[in-house]
2 protein chains.
Amino acid sequence: MTKGHVRLADLAKAAGVSQGTASNVFSRPELVREEVRERVLEVARELGYNGPDMKGRLLRAGRVNALGVAAIEPLAYFFEDPWARAVMTNIAGVCDATGTGIALVSAQNQQKLAWNINSALVDGFILLCVEGGEKLVELTRRRQLPFIALAFDDGDASIPTIGIDNTAGAAAAARHLVELGHRQFAILAIGHSDDHVGAVTPEQAIRSLKSTSRDRALGYWQALSEFGIERENVPVHGTRNDKSSVDAALETLFATPEPPTAILAMSDRIALFAMQWLAENGFAVPGDVSVVGFDGVPEAATAQPGLTTIAQPLEEIARRAVRAILDDALPCAQETLGVTLVIRGSTARPRS
Amino acid sequence: MTKGHVRLADLAKAAGVSQGTASNVFSRPELVREEVRERVLEVARELGYNGPDMKGRLLRAGRVNALGVAAIEPLAYFFEDPWARAVMTNIAGVCDATGTGIALVSAQNQQKLAWNINSALVDGFILLCVEGGEKLVELTRRRQLPFIALAFDDGDASIPTIGIDNTAGAAAAARHLVELGHRQFAILAIGHSDDHVGAVTPEQAIRSLKSTSRDRALGYWQALSEFGIERENVPVHGTRNDKSSVDAALETLFATPEPPTAILAMSDRIALFAMQWLAENGFAVPGDVSVVGFDGVPEAATAQPGLTTIAQPLEEIARRAVRAILDDALPCAQETLGVTLVIRGSTARPRS
DNA sequence: ATGAAGATTTGAACCGATTCAAAATCTATC
DNA sequence: GATAGATTTTGAATCGGTTCAAATCTTCAT
């Protein structure tokens, strides 16, 4: 029954028209006389031909109408990591509107990632650079397709990037707490280049933090110093953005004679882990301790209590990124967008 | 700087070999003498040629090494819906292992979906049929690529499907509660063909529920009747799988003289909304009311308290589905997998 | 030196469409 | 009825590779 394979040429012959006309019936129907068009479609139906095959079309046309989103992580990252999910959700929204497809590109080891990036059938890439951004950019660059990096952690201004104002965001977070009356702070950091865990001095932090995290640290310090709180008096603990390292940091912090009344977390993930630890250890949030996160992931809104955080303009980021790829209108310079402080239930005045 | 475009033919000429040899250098290097291979690669580097372009390769070779996952929903569905996310996470895991890419295919209106399905560059499809399964299958069928339907709601045995034993799962959930001593039940349903919201009689439920939901209802009733509780005494409320319709159902239920002490929810999503409503309205879970969900999404494990639920073997489902597509070894018959009762903190004996 | 077997390389066909200049056909105008 | 102009249709080139039978080159025993 199945005729092996019906291709456009077969259809054309069967319908008694040239291949060119047959092609137009599908791709530019307005060019072909209605009568002919209907006949060809009729024959197509009989033959079980369902429109031109993408592989051929694409070869000729050059565009796939899909964009790739890449990260150096297992594929499941896109569905499990809160930030990645939030970004993807917004990208998905923009793609829906423009009818663009999404291909997920990733791998743990570089060998495979290189292959995957090279073989992905897409018109361009959005790079999630939270981990291994440099490698990712390097591999993608080779492909010679438009790409844009998100959360990229490197000064190289030749790389098209959409970022956020980390310093201003962090400053806003710290200012919010200090204005509520807090004076005892602690910072939970991520992004030590050596995955350092535990207390660090400000100098160590400046030296070993990746630029995103360093900017956030600088923002915290800056706002606090405006109120006379010097960085030397604000303990900083490195974490690996996972529960166990956050737990360890908090155990140390709350074993000191003057534990913090306010916690500045460099990610919502960390902040949520912190709130969990506090709840488990009998500290009320925000009664005993206030917590501020960073990123503005959806989970922050649904937590109990809601997490006060610095929200990234993800929708705007997604819109610009997708547009940049599809229109091949990459920003000549790196773009930096503003962030907003979202106040929820996890922050309040300190117990007097 | 950019030489317009370097293609395999250019490289071949520049390196002084035939195009066939140049091709082999990349696709089947073992066929070409090392000396030649290195020279060609060297020239490739000079010319900035980064391996064969996928579009051409694919046209000839026929395989894309990617699979499409499709649903009649906006693209964001894959990242937001708990069940979809759980399924995707598992599919991603399998794909990671086999080096397969994932393309997301979806659209709200059928017109666009048809186009997207036809133009997706994939070797086959996994269909998430929670909504509009029939249409999805019909459109995919036309594409004449291997596909397999998940959560498909139709008897048509000619369609390759991996499903679960809904009746047995529901029965296990009900049995668990009844064995704890509960006697006052309520069922929160989804999947009314007309999106009905509010109380329904068993007859109405049987008539208007889609098959997945009907099977679950039958399972509940069957287990309860073994303990002498007749279906007429178990109120059933339709919901739209969203918070507002769940809230409405619970308000009605708990306004009755004999409110339920145990809730059977047809999805974890509903169950979690229910727990939220109960908390907001001063009912302790499981102290005052026990709740059982269905599906076994990750959120069920992290909720406070943990949600007792019927877990689908998602890993197994994902593994079989991906294998089926990649090996083009579709199950000749529809497969049905077993489910397991996972007991967590949301169920306990009723207050005596 | 000769010839068979094995290793490399070549060349041309092919994958399945789109595209566009040129040819063919139809319409309108005088 | 002839002709310019508009509308359709055709045919061949092209996109960027892969593949495979045939041609060429090596190697080595005879």
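Quick caveat: nothing in here was measured; it's all calculated off a predicted structure. What's counted below: heavy atoms across the whole structure, side chains too, no hydrogens, waters or symmetry copies. All chains are named by letter (A, B, ...) in the order of the sequence lines, taking the proteins before the strands, and each is independently numbered beginning at 1.
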For a 4.5 angstrom cut-off between non-hydrogen side-chain atoms, does [X] reach [Y]?
X	Y	answer
A:V64	A:V122	no
A:L67	A:C95	yes
A:L127	A:F152	no

Atom [atom1] of [X] to atom [atom2] of [N]: distance rounded to whole Å?
X	N	atom1	atom2	answer
A:E30	D:dT7	CD	P	13 Å
A:R28	C:dA17	CZ	C1'	13 Å
B:L8	D:dT14	CG	P	17 Å
B:N24	D:dG16	CG	P	20 Å
A:E34	D:dT9	CD	P	12 Å
B:E35	C:dA7	CD	P	17 Å
A:K55	D:dT18	NZ	P	15 Å
A:K13	D:dT9	NZ	P	20 Å

Taking any heavy-atom pair under 4.0 Å as a contact, classify [X]: base, sugar-phosphate, or nothing.
X	answer
A:F26	nothing
A:S27	sugar-phosphate
B:T21	base

Decide yes or no, distance alone: a donor-acceptor N/O pair under 3.5 angstrom between the base of D:dG17 and the side-chain of B:Q19. yes
Of the candidate nucleotides [options], which contains the atom at the shortest distance from the side chain of [X]?
X	options	value
B:R57	C:dT18, D:dG11, D:dG17	D:dG17
A:R60	D:dT14, C:dT9, D:dT10	D:dT14
B:L59	D:dT19, C:dG11, C:dC15	C:dC15
B:V17	D:dT10, C:dT10, C:dG16	C:dT10

Would one find a side-chain N or O of [X] under 4.0 angstrom from OP1 or OP2 of [N]?
X	N	value
A:R37	D:dT8	no
B:R33	C:dT9	yes
B:S23	D:dG17	no
A:Y49	C:dG16	no

Which residue, B:G51 or A:V32, contacts DNA chain D at a nucleotide closer to its 5' end, judged by nearest heavy atom? A:V32
B:R39/B:E42 salt bridge by N-O under 4.0 Å criterion: no
Strictly below 4.0 Å, N to O, side chains only: are B:E138 and B:K135 in salt-bridge contact? yes
Distance-only, no hydrogens or angles: does the A:T212 side chain make a donor-acceptor pair with backbone N or O of A:D153 under 3.5 Å? no
Of B:I317, B:V87, B:I148, the residue whose pairing with B:I126 passes side chain to side chain contact (heavy atoms under 4.5 Å, CB included): B:I148
Identify every side-chain donor-acceptor pair in residues 77-84 of chain B under 3.5 Å, counting partners at least two apart or on other chains, and give the distances.
unit_1 : atom_1 : unit_2 : atom_2 : d
B:D81  : OD2    : B:W83  : N      : 3.0
B:D81  : OD2    : B:A84  : N      : 2.9
B:W83  : NE1    : B:Q312 : OE1    : 3.4

The helix from C:dA1-D:dT30 to C:dC30-D:dG1: angle between end helix axes, five pairs per end, rounded to 10 degrees: 50°
